[in-house]
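Treat the numbers as computed from the prediction; the structure is a model and nothing was measured.
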Amino acid sequence: MGQLDLDQNKIEQARAAAAKIAEEMDRFIAKRSTVATERTVLRLLGIDGVYDGIPYVNLIVDHLNEVGLLERGSFLPVIQAMMTLNLSGQEIAEKVTNSSLSLAELPTVAEEELISFSARLVDQQLGRIEQRRQEREQYLATLGEGKQPYLYVIVATGDIFEDVRQARTAARQGADIIAVIRSTGQSLLDYVPYGATREGYGGTYATQENFRIMREALDEVGEEVGRYIRLCNYCSGLCMPEIAAAGALERLDVMLNDALYGILFRDINMQRTLVDQYFSRMINSYAGIIINTGEDNYLTTADAVEAAHTVLASQFINEQFAYKSGLPASQLGLGHAFEMNPDLEDGFLLELSQAQMARQIFPDAPLKYMPPTKHMTGNIFKGHIQDALFNVVSIMTNQGIQLLGMMTEAMHTPYMHDRKLALENAQYIFNNMRHISEEIQFTPNGRIQNRAKEVLDQAAAFLLEVEKKGLFEAVEAGLFADVKRLRDGGRGLAGVFLKDEAYQNPFEDELRRRLGLKSRRG
């Protein structure tokens, strides 16, 4: 394949700056936990369900906060209660909720017995995630899957059972990944809704039961069409690690999971987001889930020509945060988007330059390429051509995951026939241009080459500026996507706390060990 002549020193400089940014934030993260992280620990202990409409995990965390134990983590008090009373985590949760048990009034358990019991339980619960990962590997070995770029489409009816109907249809038409869009505003809820839902707006609530229902449906249609169909959802927002855990337990394959997206585009507190993304990515890594990052959103608020370097800079930062959580490059679906103004002369060349540059800089990542949305007008004929050009860039640069554009973008949630036309568009282009990248050579000092050099230079300088300022200060200054956020502003800050010296989270400790990460306990 023809290669852009990229300055390797600049790439190394940018990557080194991003690594320092992530390292500084990792030291900040290591001292803190959040209510969402502690609720995730409780879910991993087997606690589920709701009481009077409120999740048990929320009620237990509230209880621990009230009795002054939350800073020690949710794991230890619940484990002590399980051992003392010989009950399951779910039974402990029910007793605390009906006020027949206080986790502040438990006898001390011998440390040796506590360590032994905890180790067995953590191994057992992580084994559930490992089993789901093995199921995926077995399906891939027996059914196989579509070629990359994976054809990725969305369903967003608000009703999980109607979503299933549409997802099955899309799979039969050739889709490789089905993303169930979340109900509008769910990322701002500080709890995870429960059960099967039929009342979402602009999408369907992300719940563990909805994950189970869709996973079962896609397995059935996968057997029918003879290839594994991947399932995608979203663990951004105030419940990042909880939804990651639910997805891991129900064998989701792809999760939207960005380090900065919630801060910039949902005004979620930056401290909360950065702490939560850490544990959520550990879970996704262990579950074999590909994460998708949200750099494409930068270009919905900023100009695609002027802000191109911020997309690349964010990709470098997301890469380093992912590595801090043990996530390998093979599961790192870094995002970018085809968002040049279609009236711009040589806009296609600029898009090709950006996509090829990302492909070369992150060669092992299954890059997630997003379709034109900002400049879609409702003219379905022009829109279909814009999507075709997007598909051409993708196959020319060997992208990994292709979220297909819809000609009716900016009009309504796609109909089933809209998806069919989008799939046919991509299938036609990908088939007819399958090996085009092997025939391409880029002109030295040509427009595509020089554009890549310009963007890489700007990204490296940008990252050095962020490193100098610090990530918090850079976000406060509006360096990313022209959006300014305050470190003490936004939603969810009250859910962040400093860990006590006695804090324990054996799930994190064991995941770090299994993922080959250095222990934070020295």
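In this structure, the side chain of Gln277 does not engage the main chain of Met240 through any donor-acceptor pair within 3.5 Å. Panel note: side chain Thr293, backbone Glu295; no donor-acceptor pair is recorded below 3.5 Å. Ser33 contributes no side-chain N or O that, together with a main-chain N or O of Lys499, makes up a donor-acceptor pair within less than 3.5 Å. In terms of modelled atom types and a separation under 3.5 Å, the side chain of Thr184 and the main chain of Tyr201 share a donor-acceptor contact. The backbone N or O of Tyr286 lies less than 3.5 Å from a partner atom in the side chain of Arg133, making a donor-acceptor pair. Panel note: side chain Arg272, backbone Val496; no donor-acceptor pair is recorded below 3.5 Å. Formation of a donor-acceptor pair under 3.5 Å by the Thr207 side chain with backbone atoms of Gly195 is found in this model. With hydrogens and angles ignored, the 3.5 Å screen pairs no side-chain donor or acceptor of Asp267 with any backbone N or O of Arg485.
Remark: Glu105 engages Ser102 in a side-chain contact (heavy atoms from CB on, under 4.5 Å) (not counting sequence neighbours).
With Phe28 as the aromatic partner, Arg32 meets the cation-pi criteria of under 6.0 angstrom to the ring centre and within 45 degrees of the ring axis.
Each of Gln131, Gln138, Glu130 was scored for a side chain to side chain donor-acceptor pair (under 3.5 Å) with Gln134, with one residue passing: Glu130. Of the residues Asn269, Thr37, Asn257, Thr40, the one that meets the side chain to side chain donor-acceptor pair (under 3.5 Å) test with Asp276 is Thr37.
For Phe316 and Phe362, the ring centers are positioned less than 6.0 Å apart.
Ring pair Tyr228/Tyr139 is parallel by interplanar angle, where below 30° counts as parallel and above 60° as perpendicular.
One side chain, Thr197 or Asn210, offers a donor N or O that lies under 3.5 Å from an acceptor on the other. Looking at Gln271 and Asp488, their side chains do bring a donor and an acceptor atom within 3.5 Å of each other.
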Inset, instruction - Given side chain to side chain contact (heavy atoms under 4.5 Å, CB included), test Asn65 with Phe497 step by step and report yes or no. - result: CA-CA 10 Å; Asn65 191 39; Phe497 62 88; over 6 Å; no

Legend entry - side chain to side chain donor-acceptor pair (under 3.5 Å) between Ser100 and Asn98, worked out: CA-CA 6 Å; Ser100 63; Asn98 66 27; 2.6 Å; yes

Inset, instruction - For Glu162 and Gln166, run side chain to side chain donor-acceptor pair (under 3.5 Å): C-alpha distance rounded to whole Å, both residues' side-chain angles, the deciding distance at 0.1 Å, then the answer. - result: CA-CA 6 Å; Glu162 179 59 25; Gln166 296 201 12; 3.3 Å; yes

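Residue pairs meeting the ring-ring contact (aromatic ring centres under 6.0 Å, His included) criterion with at least one partner in residues 163-183, sequence neighbours excluded, do not occur; the list is empty.
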Sequence neighbours excluded and cut-off under 3.5 Å, please list the side-chain donor-acceptor pairs for residues 42-58, or say none.
{"from": "Arg43", "atom 1": "NE", "to": "Glu242", "atom 2": "OE1", "distance (Å)": "2.8"}
{"from": "Arg43", "atom 1": "NH2", "to": "Glu242", "atom 2": "OE1", "distance (Å)": "3.2"}
{"from": "Asn58", "atom 1": "ND2", "to": "Asp190", "atom 2": "O", "distance (Å)": "3.1"}

